[in-house]
Amino acid sequence: MEASLPRRLISTPVAGPLAALLLACLYFGLNTEQFFTGTNFSLIIQQVMVVGTLAIGQTLIILTAGIDLANGAIMAFGGIVMTKLAVDGGLPALLAVAAGLAVCAGFGLVNGLLVTRISLPPFIVTLGMLNVAFALTHIYSGEQTITDLPPLLTFLGQTFQVGQTNVTYGSLLTILLFLLFAYLLGSTAWGRHVYALGNNPEVARLTGIRTRRLTVGVYTLAGFVYGIAALLLVSRTGVGDPQAGQTDNLDSITAVVLGGTSLFGGRGMVLGTLIGALIVGVFRNGLQLMGVPSIYQTLITGILVILAVAVDQLSRRRTR
Amino acid sequence: MEASLPRRLISTPVAGPLAALLLACLYFGLNTEQFFTGTNFSLIIQQVMVVGTLAIGQTLIILTAGIDLANGAIMAFGGIVMTKLAVDGGLPALLAVAAGLAVCAGFGLVNGLLVTRISLPPFIVTLGMLNVAFALTHIYSGEQTITDLPPLLTFLGQTFQVGQTNVTYGSLLTILLFLLFAYLLGSTAWGRHVYALGNNPEVARLTGIRTRRLTVGVYTLAGFVYGIAALLLVSRTGVGDPQAGQTDNLDSITAVVLGGTSLFGGRGMVLGTLIGALIVGVFRNGLQLMGVPSIYQTLITGILVILAVAVDQLSRRRTR
Amino acid sequence: MTEPVLQARGLVKKYGHVTALDGADFDLMPGEVLAVIGDNGAGKTSLIKALTGALQPDSGEILLDGRPVRLRDPLDARRHGIETVYQDLAVAASLDIATNMFLGRELRKPGILGRVFRMLDKKRMREESAKHMAELKIGLRSLTQPVESLSGGQRQGVAVARAVAWATNVVVMDEPTAALGVKESGQVLDLIRQVRDRGTPVVLISHNMPHVFEIADRVHIQRLGRRVAEIVPGDHSMAEVVAIMTGAIQVSDGKSVVKDKDAAEAIGLS
Amino acid sequence: MTEPVLQARGLVKKYGHVTALDGADFDLMPGEVLAVIGDNGAGKTSLIKALTGALQPDSGEILLDGRPVRLRDPLDARRHGIETVYQDLAVAASLDIATNMFLGRELRKPGILGRVFRMLDKKRMREESAKHMAELKIGLRSLTQPVESLSGGQRQGVAVARAVAWATNVVVMDEPTAALGVKESGQVLDLIRQVRDRGTPVVLISHNMPHVFEIADRVHIQRLGRRVAEIVPGDHSMAEVVAIMTGAIQVSDGKSVVKDKDAAEAIGLS
Amino acid sequence: GGSGGGSDSATPKVGLITKTETNPFFVKMKEGAQKAAQAGGMELMSAAGKFDGDNAAQITAIENMVAAGVKGILITPSDTKAIVPAIKKARDAGVLVIALDTPTEPQEATDALFATDNLKAGELIGRYAKAAMAGEPARIATLDLAPGITVGKLRHDGFLKGFGIREGDPSVVCSQDTRGDQAKGQTAMENCLQKAPDINLVYTINEPAALGAYTALKAKGREKEVLIVSVDGGCTGVRAVQSGQIAATSQQYPLKMAEDGVKAVAAYAKGGQKPTGYTDTGVTLITDKAADGIEAEDAAFGLANCWG
Ligand SMILES: Nc1ncnc2c1ncn2[C@@H]1O[C@H](COP(=O)(O)OP(=O)(O)OP(=O)(O)O)[C@@H](O)[C@H]1O
Ligand SMILES: Nc1ncnc2c1ncn2[C@@H]1O[C@H](COP(=O)(O)OP(=O)(O)OP(=O)(O)O)[C@@H](O)[C@H]1O
Ligand SMILES: [Mg+2]
Ligand SMILES: [Mg+2]
């Protein structure tokens, strides 16, 4: 019944992205000395962890055939709420973090309600919320970057040693989150329902899934994950930054799609998203190490995004 | 057979957006003195004509269930090509414009080929092309704004009088383009095929429509329209600006969706897009006339984007 | 007289100007196979959607075992043991057969894995699905292939197997054999008999008169959004039933009354 | 012997590990109604998709009026006068009936409006659609309503009416009556007769044996991706045909040969 | 160097991180750095944010450059506070960090600062505008950058300070963000003119915005009556001063900042000293319509020293 492991690996939708990632690593490894070092890999993971975590929430939403343009802005707002409450508001750090997470989850909840109750397209809801969250961030922060954070808020930026390499707790948390969501989506009833919903909401409804409640739940959970991304961002940069996250919506979507998830919903895997995020991070890091000027990096990134997905597509066509 | 005109107007998908637009006009008209003047309306049209023209191409692509994230970048590149060839390259202005249009159409062609030949998702193709066109713009222009344009390149920025009001030729061209595409989509076989394609590509193929060729044609035509947008931009600003168009992709999508076109393809009208573009322009203009600070404008725009579509949705639900 | 298991009175459903249900009644007796027949657009699908919570009627009431119920969504109907095979939207295309079979009622692993970590028992679901599919004798290569790669008939088979597997109270099938081959249709009919024999009543919508006459205990004839007759197959010929269906003759108190003489002649009655 | 209009030799089509067509042959004679029958998954749809350009076979050849042709896409088939009603994907849901009827062959206004401005003649297309739909006697409220708001049967009717309206050479129908009511099915069968009577051959895929025996001049029996028999309905009983279809008996040179004795007995032969 | 811009470990590397990769100001800065790097036998690596204010990309760039083994990093911080922890990490790794154009907060977070004073640049044109208005009551439009970007705020505040008014003064009749974009500047000015047709003084964040404003004014036939002042000193801008479209602009010297920065890193790489403190690379008021009591250079000087 079960196919053999190698066969399953090839037929899994993550195979293409994984191959692209490995090829990129190989190329940069051959062309620069510093690429294949533990420190550099640790760095890449640190650099993708914020967008990667945002992309977890984005994956959930895209699996339901939605899209989230507001995630970067929600994260930025969550980060400001956490830091401002802790620093200016005098709240205990733990409470401030909780408040930030709650605000992000709240944004997700509102998105979910608008999508389900008024049947608004997710694109429009989150486009509107992008502006709302952006504006609230700037109004609430008064355009001020918030510094001098209590240690709890930057704890995830601390490192521990693995062999020779320093790894941040944040990187670890990100990886754990990916594994958690891979489990939830792949091995629980909830995950099945998310796929069914994205596949065909009417079928899902007729088979007795409470599709509205599920959708609202997905958006809220995604919002909560953006809250975690906010905490990761804060601990990575050590400040509350009202300018953060402005291109992270497209970046997170890129990671999701590079990871092989269909924008039409119902097909994809969250571990693919991790790979997608790493592809972007590896390219940025590798090109920088090779000393490619940034405008050419943009050019190459553009071409490679297309190439990576094209290779994936063509290889699938062949095995069909 | 034919329903009466008022009934048809209510059931037309453009009714909701139109109502939103009129309400907005009413509100701003009552709250500012300067809003309800011919000059102001002429101004609003000038301000939306570039994004509006981009949104025509965007509508075509969205109707085929695609999306174009690269249109602003393609336009910027086209604008630079036109102006640089005319000013630095010493080409006759007409030829320079033709070259710019050709380059834009060429980008569209490449997008279309990638979407059809390798079955890449339009989101990914145009995301990649966004980076490519952006980089090419900056490399080719050397970051220099190009000034001292020959008159032909700025002709569309000239005005003629209608009553008391100065109207630019560009505004006129934009309106004509909208009417042309409304005609093409609504009253020709090609238009029917575009809708059928977006509705269900497999059905379209089985009914004997050459779906690949049609798709490539749509992307190429859209690219050509972006070229016209480039000319409009150049004649409006009087320079070739490598920084142009960076937020126009999302802005044009906003206009399309506000105009009632479905992001899933096959449903919508290009005149709705005109209304959608005007809604955005009216809000920006009206809020500024009311003296609302920029950041609050962002907030309000966000809320209103959601509201406009929500009102549309709710009113449709009632008539159902 | 025994009490109907599932009953509806005066169901109305309008879509804009189209009246899909126009005061439809419905009665399902315990342990029977009730066929619902009618022209295209007669409102058969709308009727059973209302009966299974998939559609909210504008007015009218639904009674289960004589008690009025409100079915807000399909899950409510399911909880009352009503299982349905819908006409079009039966299965989630990109998911595999086993997942589709267990959608909405997944099995969890025993012990802590299932209770705390809510882990699915994929193996058991696959095995049980295989069992159910085998009962229908639909040949399948693998239960892990996505449903979209099946032929139309195979897909329909999955939906039927699912409904039969789970129903405890009523099974409703909207044209379950429409896409099925002769052999597979026969198996579905067998299955319907089995379900009835275990005491569960079945509602079968079908356009296939031979099937209806072969299996139905009673026939509900739907026309223009209403029940126009309830008959027992043995009492009427196939031609007569078709005539009622198309409005050529009318029934009052169980007796046929010729209404449209020309029409009745045209189909060979008189 | 007259030459077949449409012929296929040794068609093979594989989807990954699944062999949908395994060297299938096919012959359609002028002016006949040829029924194609077979179990679910026997490769009927794949066969006619290959014959109508909707699918590229991996190998094998297709001959039209004796000449080999390559049908690269459905438009090629259309140009050869082959019209098809596909099993699932028949109509564009959000477009109206008239648009669907004329999709890919829209009428333009006469004169300069049509020639230069390529303006559609919507009124005429609506009128002609109404005429075609009326022939099928499918009751419709308005031709401007989107197809997605029609019942399953009405939708099927649109696809059938379209194919019949346009075919000049061959009409292929993949289970056209599967979703249709008794009356509507009867009308489709009438229509098929009409088409044959005007000299156009029809290929009809159906699981409905009474229909097949009522209308088919010849029957092509498909099994496991191959044609296993070509018979004339009058020569064989329905039970025999079903037996061939399911592999219980085999045919060589037009004579039935019992193969699987148990199976044959099970279905009441021997 | 080796293939593909390679990583010949013999040549010391210097990194340049700008706010964006597309603003001519930063492009010029890169050119200057490139030239100085070549002259000093160093390899230049460059990186930039995706938009003004993109702190995350700058942090990533710092990390990658440290990983690539640069001796020193020159950075125009997008977020003056938010970048500090990342700079600290780089300095802890032994990398020399010099802020260009914009100081970090606190300024001591970097080893040294080579910069123009943006507040002063704003102040210069503010004072100029005050003098040029010659007592006429001002109706001011400010075409600003974007919410929360330091440079924009400094220039805006400097202008108000130089003009002798405070934020919220009634003479400022219209304020609008333009992102420094010409088309957006034009739209903003058009709307401002609708709102207050009698505007007679326009402050703009940079020269593209100023040219957009000029186009809008010209369409109204008011370009002669309205004073436009700006900041930057790019060549296009200075030419606009020469042709009278812009009355005055504060010129900055990105080339010099970058050259000095690279030289300092080169010196440090050779085992030399770390530079310290603030080096003002200067700002000059450029105008052809001198105003009484305001020190200024003419457009010819501006053209000779312009960038971009
Ligand atoms: N979602 C809908 N929107 C508009 N009209 C609808 C909708 N669903 C059904 N209808 C209309 O309601 C009427 C009854 O439809 P229904 O599907 O119940 O018929 P049916 O008896 O099941 O027909 P069939 O045998 O063809 O399946 C039809 O005229 C149909 O067009
Ligand atoms: N796109 C596809 N991908 C994979 N397998 C396919 C595809 N299309 C058909 N098949 C397989 O090919 C075989 C033949 O399918 P086909 O649809 O031709 O059968 P059919 O005789 O028309 O059956 P039915 O009577 O159920 O319509 C089936 O086993 C089916 O699962
Ligand atoms: Mg039905
Ligand atoms: Mg088939």
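Chain naming here is simple, since letters A, B, ... match the order of the sequence lines and numbering starts at 1 in each.
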Can you say whether B/Ile44 sits under 4.5 Å from chain E via the side chain, the backbone, both, or neither, judging by heavy atoms? neither
Bottom line for B/Thr147: the part with an atom under 4.5 Å from chain E's heavy atoms is side chain
For chain E, the option from B/Val239, B/Val50, B/Thr159, B/Thr168 that forms the most heavy-atom pairs under 4.5 Å: B/Val239
Relative to the ring of B/Tyr140, is the ring of B/Phe77 parallel (under 30°), tilted (30 to 60°) or perpendicular (over 60°)? perpendicular
Pair E/Thr204, E/Ser230: side-chain N/O donor-acceptor within cut-off below 3.5 Å: yes
Please determine, by modelled atom types, if E/Gln252 and E/Asn118 share a side-chain donor-acceptor pair under 3.5 angstrom. yes
Contact part of B/Asn285 toward chain E, heavy-atom cut-off under 4.5 Å: side chain, backbone, both or neither? both
Give a yes-or-no answer on whether the side chains of E/Ser175 and E/Thr142 include a donor-acceptor pair shorter than 3.5 Å. yes
Shortest non-hydrogen contact from B/Ala86 toward B/Pro150: CB-CG, 3.9 Å
Please work out whether the ring planes of B/Phe35 and B/Phe41 are parallel, tilted or perpendicular, with thresholds of 30° and 60°. perpendicular
Quick one: of E/Asp144, E/Asp177, E/Val173, E/Thr215, who has the most non-hydrogen atom pairs under 4.5 Å with chain B? E/Asp177
Chain E shares the most heavy-atom pairs under 4.5 Å, among B/Gln34, B/Gln246, B/Glu33, with B/Gln34
Please check if any side-chain donor atom of B/Asn166 sits under 3.5 Å from a side-chain acceptor atom of B/Gln161, or the reverse. yes
Does a sphere of radius 6.0 Å around CZ in B/Phe28 hold more than 12 heavy atoms from other residues, nucleotides or ligands, not counting ones at 6.0 Å or beyond? yes
Is E/Lys220 close to chain B through its backbone or its side chain, or both, or neither, when contacts mean heavy atoms under 4.5 Å? side chain
Okay, B/Phe134 and chain E: the region with an atom under 4.5 Å from a heavy atom over there is side chain
Roughly how far apart are B/Leu258 CG and B/Ile279 CD1, rounded to 0.5 Å? 5.0 Å
Under 3.5 Å, is there a donor on one side chain and an acceptor on the other for B/Thr145 and E/Gln182? no
Checking heavy-atom separations under 4.5 Å from chain B, one finds in residues 187-198 of chain E E/Thr187, E/Ala188, E/Glu190, E/Asn191, E/Cys192, E/Gln194, E/Lys195
